[in-house]
Amino acid sequence: MFRASIQRQCENTRSEHLAILRQTPLQPALRCLAPRYAFSHLYSTESAAAQANREGEFAPVPSAPVTRFGELSQLGVNDRLIEALTRGMGYDAMTEVQAMTINPALKGSDMVAQAKTGTGKTLAFLVPVFQRVLTDQPDLADPRARRRSSSEDIRAIILSPTRELAEQIGAEARKLAKNTSIVVQTAVGGTRKREALFKMWREGCDILVATPGRLNDLLSDPEAKVAAPKLQAFVLDEADRMLDVGFSDEIRSIQDLLPSHTQVERQTLLFSATIPRDVVHLAKSMVRPDNFEFVQTVKSDDVPTHERVPQHLVTVQGFENIFPTILEILHKANTAQDSSVPFKAIVFFSNTASVQFASEVFRKTPAFIRGSGTHIYEIHSKLTQGQRTSSADYFRRASSAVLFSSDVTARGMDFPNVTDVIQIGLPPDRDQYVHRVGRTGRAGNSGKGWLILAEQEVPEARSRLPGLPIKPNDTLESPKHVLGDSSASGDVSRFFSEVSNAYQSVPKSSFRAVSDVITLLNNWCLRAMGWAETPAVPPKIAQNRNLARAPGIRIGFDVSEEPVERGYGNRGYGNRGYDNRSGRDFSFKRDDGFESRGRSEHSSPRGGGNFRGSTSFGARAPSNRNSFEDRFASRAGGGDRGGRGGGQRYTPRASF
DNA sequence: AAAAAAG
């Protein structure tokens with residue numbers, strides 16, 4: 001009943017730039033967190049509020065929410081901050097996400113905000129955090145404050161799942177701090193700890209933006225003299241990622257190193273695109289149950305990934321067609337009649353080895369790439385942090401470039417003017433697909449999404465990517481070209497021959513296929529790359545994955561799996577890597593494989609993971625946490641226990 | 001041996 005009424009109101013009040021509160025399956029899960037709903041401030045029309053009030057379920061609406069940064073003084077925001085926002089950073093109107101989160105967050109309550117990635121999320125938490133720090137220490141507003149900031153008295157901590165994102169948030173925070181004496185520091189892995197520490201000791205630190213590992217390290221190291229005994233605010237950006245397995249232990253231990261809520265009253269803000277069910281209890285342990293709000297935003301120019309960015313499905317005949325297809329996309333963009341906007345693309349792969357291989361190949365297609373004026377960059381976790389940072393910086397500033405990327409950059413990264421997002425192989429899950437597409441079409445620009453799959457992957461993609469406007473695209477010639485077919489156009493022949501030449505000078509990688517894509521991979525290696533043998537699958541792995549008798553498989557070892565002489569990598573950093581986590585130099589051995597994992601067909605039927613086979617490009621097994629959307633989709637069909645009132649829900653289908 | 005994140 002209750003939920004049904006919220007649902008109804010939402011449909012009723014949906015209009016132009018209106019903040020929309022959507023009823024979803026998440027809310028029942030989160031209800032236990034919120035003794036009362038205090039959503040009234042989210043309704044931007046009187047009628048909705050009036051209706052809510054009439055039904056006796058909501059408190060009366062106070063004043064209209066502030067939607068311009070310039071008017072934030074109404075909510076007690078310091079003038080210095082407002083000046084930095086409006087004059088320094090040039091912001092005026094808030095985005096919907098900002099309006100919906102800044103208003104309640106300034107009241108000081110904890111918050112779980114579900115907001116899709118896009119511009120503006122960072123400020124949505126920075127503004128309340130900064131104001132909270134200033135409210136507690138008003139003298140910090142004075143840029144010439146005499147007070148000495150200390151690394152042992154950090155007042156706000158912001159955590160991000162990747163180093164680059166932390167740096168990006170840090171840069172934004174520094175702009176906001178400009179007219180004050182608030183000191184913002186970043187602490188991320190892969191950098192020299194001593195150096196960052198000296199800087200912190202010298203300059204002090206009021207607001208720290210960090211990645212979990214490094215923060216944990218700093219807080220637990222007494223020598224580091226980093227502490228936050230009076231912590232006022234704690235933010236998790238991309239909270240669903242942060243509370244995921246692999247991160248959650250780290251987050252827990254960080255929390256243990258911080259003062260408890262009972263000692264020091266702090267504000268916790270969790271920002272997340274999705275909130276998987278198994279993350280709820282952790283979220284619950286982080287917020288104050290009596291002072292908590294859940295804000296869900298659906299922002300009109302935030303649905304863009306689903307609506308604004310056209311997304312093309314390109315089906316390739318074989319793996320050997322993928323790289324030429326990328327060249328063709330590049331070429332078409334550059335020669336189009338209206339190609340006033342330079343081609344700037346991110347090519348996503350689901351594993352590091354594929355990224356490395358692709359960028360090596362593309363660096364070796366000099367005639368084409370040089371002729372196009374496009375720069376090639378690469379980013380993934382096997383590069384040193386220095387290499388990662390420089391790739392990100394160069395790509396950020398480049399006008400025409402291709403960035404080959406793992407999922408490091410899939411979330412939150414703001415590279416300006418990306419025209420195309422190209423995803424190779426099955427994306428790991430729907431969320432990740434959407435996040436990747438979200439790297440383009442930002443800030444009102446247009447963009448294009450491409451999903452490049454082998455035919456065999458399409459059925460799985462169909463079930464993995466429901467409810468997205470992905471349209472089959474047959475306008476390219478390279479995807480269907482069969483090697484040796486002389487009827488191909490000059491352009492297509494050139495794409496293939498350039499790629500083919502590049503293969504020759506790229507060291508042999510180790511490839512491993514899984515079940516139904518074995519043939520695809522075999523064909524690529526044999527026909528296009530000119531290998532004498534099909535790629536080998538080591539016996540153990542073949543056994544583990546139930547591939548021992550899969551058709552077409554070759555059990556054994558590849559040449560590349562034996563140590564290769566050091567030094568082949570000095571042609572470019574892409575060839576060499578330094579594992580900055582283990583500190584091992586792995587340039588002598590491409591032991592990282594060019595593969596992915598998955599179960600063979602015998603895997604469980606539906607549910608847990610009906611992941612069937614994958615390619616080197618494709619996918620890792622889908623995450624076992626159902627995404628928010630997934631659950632939404634899966635519950636929508638049948639009689640949902642909560643009853644969905646008048647809301648007609650349908651099960652999203654794939655559009656292709 | 002999925003990416004990411006401490007050394």
Side-chain angles (χ1 to χ4, degrees), chain A residues 159-167 187-194 196-197 210-221 224 226 236-238 240-254 257 348-356 379-385 388 404-413 423 425-429 431-433 435-436 509-514 535 537-538 540-545 547 561 578-584 586 589-599 609 611 614-625:
Chain A
L159 281 179
S160 132
T162 66
R163 299 165 181 174
E164 285 75 12
L165 190 52
E167 296 290 358
V188 300
T191 56
R192 270 187 293 252
K193 188 176 154 190
R194 299 291 301 172
L197 273 181
T211 46
R214 180 55 66 89
L215 178 64
N216 210 353
D217 184 20
L218 292 179
L219 288 174
S220 50
D221 177 1
V226 171
L236 291 192
D237 194 17
E238 306 290 347
D240 52 343
R241 266 312 188 238
M242 304 294 281
L243 301 177
D244 198 355
V245 280
F247 269 130
S248 59
D249 286 351
E250 201 102 58
I251 303 291
R252 245 186 280 261
S253 96
I254 286 170
L257 294 162
F348 283 105
F349 296 85
S350 298
N351 64 57
T352 312
S354 303
V355 180
Q356 291 177 315
I379 191 165
H380 50 76
S381 68
K382 290 207 171 141
L383 299 176
T384 65
Q385 190 51 38
R388 279 171 59 165
F404 289 94
S405 179
S406 70
D407 279 333
V408 224
T409 65
R411 287 170 174 251
M413 291 303 293
Q423 307 197 32
L426 285 169
D429 56 41
D431 287 349
Q432 209 66 10
Y433 172 89
H435 279 291
R436 289 165 167 186
S509 291
S510 54
F511 289 91
R512 282 156 211 167
V514 178
V537 178
K540 251 191 208 154
I541 291 175
Q543 200 175 4
N544 287 344
R545 301 192 187 166
L547 290 174
E561 308 201 64
Y578 179 76
D579 184 339
N580 49 24
R581 298 186 62 83
S582 66
R584 259 182 320 127
F586 63 85
K589 189 180 171 189
R590 286 288 296 259
D591 65 347
D592 42 74
F594 189 63
E595 64 147 315
S596 68
R597 52 189 283 145
R599 270 171 258 151
F611 176 62
S614 73
T615 71
S616 32
F617 293 123
R620 30 206 219 238
S623 136
N624 54 5
R625 317 168 293 130

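Below, chains carry the letters A, B, ... as their sequence lines are ordered, and counting in each starts from 1.
For the pair A:H380 NE2 and B:dA1 P, the computed distance is 17 Å after rounding to whole Å. With rounding to whole Å, A:K193 atom NZ is found 9 Å from B:dG7 atom C1'. Rounded to whole Å, the distance from CZ on A:F348 to P on B:dA4 is 11 Å. In this structure, the CG atom of A:L236 is 15 Å from the C1' atom of B:dA4, given to the nearest Å. Nucleotide B:dA5 holds its P atom 12 Å from the CZ atom of A:R214, rounded to whole Å. The interatomic distance linking A:E238 (CD) with B:dA5 (C1') rounds to 15 Å, in whole Å. Atom pair A:D237:CG and B:dA5:P shows a separation of 14 Å (rounding to whole Å applied). Distance, A:L215 CG to B:dG7 P: 13 Å, rounded to whole Å.
In terms of phosphate contacts, A:T211 brings no side-chain nitrogen or oxygen within less than 4.0 Å of OP1 or OP2 of B:dA5. Close to B:dA4, at under 4.0 Å from its OP1 or OP2, lies a side-chain N or O of A:S406. The side chain of A:R192 contributes no N or O atom lying less than 4.0 Å from OP1 or OP2 of B:dA6.
Every side-chain contact (heavy atoms from CB on, under 4.5 Å) that A:A224 has, sequence neighbours left out, goes to A:L197, A:L218, A:D221, A:V226. The side chain to side chain donor-acceptor pair (under 3.5 Å) search around A:R192 returns A:E195, not counting sequence neighbours.
With salt bridges taken as basic N to acidic carboxylate O contacts below 4.0 Å, none links A:D407 and A:R241.
Side chain of A:S406 to backbone of A:V408: a donor-acceptor contact under 3.5 angstrom is found. A donor-acceptor distance shorter than 3.5 angstrom exists from the side chain of A:Q423 to the backbone of A:Y433, with no hydrogens or angles considered.
Set against B:dA4, B:dA3, B:dA6, the side chain of A:R163 has B:dA6 as its closest nucleotide. In this structure, the nucleotide among B:dA4, B:dA6, B:dA3 sitting nearest to the side chain of A:D217 is B:dA6.
Heavy atoms of A:G246 sit under 4.0 angstrom from at least one base atom.
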